[in-house]
Amino acid sequence: MLERIPYRPLDCASLPQRLGDRPELLAPLGPATGWRVREVGDGNLNLVFIVESDAGSLVVKQALPYARVVGESWPMSLDRAFFEHEALKRLGARDPGRVPDLKLFDPTQALLVMEHLTPHTVVRRALMAGEELPRLGEHVGLYLARTLFRGSDWSLPTAVRKADLALFAGNVELAGITEELVFSDPFKDAPLNRHTPGLEAAALAVRSDRALKIAAQEMKARFATCAETLLHGDLHTGSVMATADDTRVIDAEFALYGPMGFDVGVLLAHLWMACFARSAHHGDAPSADRAGARLLACAETCWQVFAAEFARLWRTERTGILGGCDLFEDQGDSEGSEAALAGQLATVWRDALGFAGIEIHRRILGLAHVAEFETIADTGRRAALERRALAFGRHLAVNRHALDTPAAVTCAVLAAEGV
Ligand code: SR1
Ligand code: MG
């Protein structure tokens with residue numbers, strides 16, 4: 001039974017009393033008198049509680065009526081919990097086992113109850129701590145191929161696709177946040193922008209960098225107008241949890257229809273940024289270099305696995321609106337189908353590089369930064385590392401048509417570091 005009272009934010013003390021009669025929590029956890037609750041949310045928007053008992057544990061995530069990162073001066077609707085729930089159902093069906101199990105959605109309280117992923121850690125933190133996560137690239141590559149292909153017109157029938165597009169078109173508030181915070185603010189003098197002391201010249205330089213601003217606008221146009229598939233919409237390394245053997249994708253409230261390259265590019269951008277920050281987080285130069293090599297290899301594996309799995313789905317599941325078997329395979333022209341596949345993958349790759357370059361700028365010059373850089377106490381050192389990442393990000397965005405392979409991008413990382 002759903003709680004009848006109007007929306008109120010939970011806190012650790014009230015949660016057992018407020019959710020203590022929900023069978024979805026009672027069955028795995030036992031009576032609420034035995035629950036232990038802690039708030040662990042470290043994202044920019046929501047409350048996240050871990051609820052444990054001697055019998056088990058669950059996660060309760062609740063939307064706040066404002067953006068947590070800024071406070072009550074930035075009001076937000078609670079609708080994102082609905083979109084996250086709808087998105088996680090679809091993403092979980094398209095790549096089974098890759099998102100947390102969902103136990104309960106309460107629209108009035110804007111909350112989701114999910115499987116507590118344990119002993120998983122947030123990938124960003126694991127990478128900063130030097131954990132190896134040997135299957136991360138493979139798992140996220142598979143996840144990206146399966147969710148992006150199966151959520152697209154290559155896979156879905158027309159009625160399902162159109163209804164879904166209409167549903168997620170309602171996630172306007174979060175789409176608008178991405179449009180402004182990612183694609184516009186970093187390239188102008190926006191009130192929410194912030195940067196490390198010492199980056200004043202770099203922040204000013206982007207505003208007069210015509211080639212970069214044209215790239216930012218082109219990528220914004222792709223993001224806003226190319227409703228190609230259902231995206232996660234915020235797939236950075238803080239939205240992925242992992243162990244050595246398992247990888248899960250969380251936090252899908254930014255889900256919307258957009259170009260495939262967006263999810264791919266955001267994820268790669270965060271692996272590459274972690275690489276630029278590595279010297280600050282790993283004790284000595286050899287271990288930092290090993291961590292850097294692992295991050296670059298992870299990015300390459302992610303793309304290679306993505307491309308291979310996408311090709312497999314293209315050959316075996318291309319039954320949606322765009323199908324196209326009638327144009328090629330059915331006429332005995334498998335080569336034509338392979339050529340069309342190569343074109344599709346080339347578009348995703350170019351877009352991914354463009355989005356990655358823009359994402360790097362917004363994480364250094366915009367509102368929402370990343371822990372890899374933010375936790376570097378020596379601001380001079382932080383600014384120096386961020387400057388290199390910015391040069392690399394600019395290269396990706398502006399020269400995305402000239403970078404053909406992940407190996408070429410790896411060379412560009414090394415070049416930006418002056419190696
Ligand atoms: C106000 S929200 C800021 C950022 O946090 C989220 O994780 C998204 O990345 C968004 O851009
Ligand atoms: Mg998030």
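Fair warning: this is a prediction, and the values are worked out from it, not measured in the lab. One-based numbering along the sequence shown.
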Between [X] and [Y], does any side-chain N to carboxylate O distance fall below 4.0 Å?
X      : Y      : value
Arg125 : Glu131 : no
Arg278 : Asp289 : yes
Glu218 : Arg400 : yes
Arg382 : Glu386 : no
Asp246 : Arg135 : no
Arg22  : Asp106 : yes
Lys162 : Asp164 : no
Arg18  : Asp11  : no
Arg315 : Glu329 : no
Glu317 : Arg146 : no

Under the criterion ring pair (Phe, Tyr, Trp, His ring centres under 6.0 Å), which of Phe392, Phe187, Phe355 is the partner of His361? Phe187
Could you tell me whether the side chain of [X] and the main chain of [Y] form a donor-acceptor pair under 3.5 Å?
X      : Y      : value
His116 : Glu52  : no
Ser152 : Thr229 : no
Ser239 : Asp234 : yes

